Engineer: 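Okay, here's the structure, questions in a sec.
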Amino acid sequence: GQNIDQPTEMTATEGAIVQINCTYQTSGFNGLFWYQQHAGEAPTFLSYNVLDGLEEKGRFSSFLSRSKGYSYLLLKELQMKDSASYLCAVLTPGGSYIPTFGRGTSLIVHP
Amino acid sequence: NAGVTQTPKFQVLKTGQSMTLQCAQDMNHEYMSWYRQDPGMGLRLIHYSVGAGITDQGEVPNGYNVSRSTTEDFPLRLLSAAPSQTSVYFCASRGTESYEQYFGPGTRLTVT
């Protein structure tokens, strides 16, 4: 089976840095996604990690450790508009290559 | 490109009614999927398709049917709606060159 864990909710201050963790136990591993979802809207793609290490994309970075079954999303210089849910999703081998999603982390950024 | 479109945006059904949620994409993507999203449950896969004429079940397929007669369209049918099907439904698609999925705006369904 697939098990993907994320914290339910986090709060942070505007201008700060926040790290959202994701741990997974899955039958095989092909890659890990992070999506952002604002309230009432569709998820939008942030990152896709296949190999171990840190990938940086502007204010957002994503890290992966396959041996530990662990990833994190790092958000720097937080802005109010970063208040959203952040979804971790794991891609596993199979004919469909459809990712399995965690329950998401709701991030609240306050002034 | 319109991307992934879904209709309707909102729908209220009575228990036992049937309806079809529409999903279309104009990106010539082979892979399409339907998810439902409930509070605290994340996105759960209902059905998916890897190409026209090919569909398969996801994690929570009971009570839903799909078909894929064209590359562009992937409708989701509720044959006899139940209150447990109250949810937000997202359709997504992706091409063969990338694993990134593109999501539609969602349909908010309430079954009373």
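Residue numbering restarts at 1 for every chain, and letters A, B, ... go by the order of the sequence lines. No experiment lies behind these values; they were computed from the predicted model shown.
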Engineer: Crowded around B/Q17 CD? As in, over 12 foreign heavy atoms under 6.0 Å?
Structural biologist: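 More than 12 heavy atoms, drawn from other residues, nucleotides or ligands, come within 6.0 Å of this atom.
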Engineer: Sort B/L43 into side chain, backbone, both or neither according to what part of it lies under 4.5 angstrom from a heavy atom of chain A.
Structural biologist: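 Contact with chain A is through both the backbone and side chain of B/L43.
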Engineer: Can you tell me how far the CD atom of B/E59 sits from the CD1 atom of A/I98, to the nearest 0.5 Å?
Structural biologist: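 Interatomic distance, B/E59 CD to A/I98 CD1, rounded to 0.5 Å: 13.0 Å.
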Engineer: Testing the basics here: between A/Q37 and B/F90, what is the closest heavy-atom pair and its distance to 0.1 Å?
Structural biologist: NE2-CZ, 3.5 Å
Engineer: Linking I/L/V/M/F/W/Y whenever any side-chain heavy atoms sit under 4.5 Å apart, do A/M10 and A/M80 land together?
Structural biologist: yes
Engineer: Any chance you could measure A/R103, atom CZ, to B/Q37, atom CD, to the nearest 0.5 Å?
Structural biologist: 12.5 Å
Engineer: With the 4.5 Å side-chain cut-off for hydrophobic clustering, are B/F103 and A/L87 part of the same group?
Structural biologist: yes
Engineer: Just to be sure I understand the criterion: a residue of residues 41-65 of chain A counts if one of its heavy atoms is under 4.5 Å from a heavy atom of chain B. Which ones qualify?
Structural biologist: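 Within residues 41-65 of chain A, the residues under 4.5 Å from chain B are A/E41, A/A42, A/P43, A/F45, A/Y48.
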Engineer: If hydrophobic clusters are built by linking Ile, Leu, Val, Met, Phe, Trp and Tyr wherever their side-chain heavy atoms come under 4.5 Å apart, do B/W34 and B/Y64 end up in the same one?
Structural biologist: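 B/W34 clusters together with B/Y64.
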Engineer: At a heavy-atom distance under 4.5 Å, which candidate from B/Q101, B/Q6, B/R108 has the highest pair count against chain A?
Structural biologist: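 Answer, by heavy-atom pair count under 4.5 Å with chain A: B/Q101.
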Engineer: Between B/Y31 and B/Y48, is there shared hydrophobic-cluster membership here, with clusters defined by ILVMFWY side-chain heavy atoms closer than 4.5 Å?
Structural biologist: yes
Engineer: Can you tell me which portion of B/Y35 sits under 4.5 Å from chain A's heavy atoms? Options are side chain, backbone, both or neither.
Structural biologist: side chain
Engineer: Taking A/G104, A/P99, A/G102 one by one, which has the highest count of heavy-atom pairs under 4.5 Å against chain B?
Structural biologist: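 Result: the option with the highest number of such pairs is A/P99.
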Engineer: Can the ring centres of B/Y99 and A/F33 be said to be less than 6.0 Å apart?
Structural biologist: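 Centroid separation for B/Y99 and A/F33: 6.0 Å or greater.
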Engineer: Do A/I20 and A/V109 sit in the same hydrophobic cluster, where Ile, Leu, Val, Met, Phe, Trp and Tyr count as joined when their side-chain heavy atoms come under 4.5 Å apart?
Structural biologist: yes
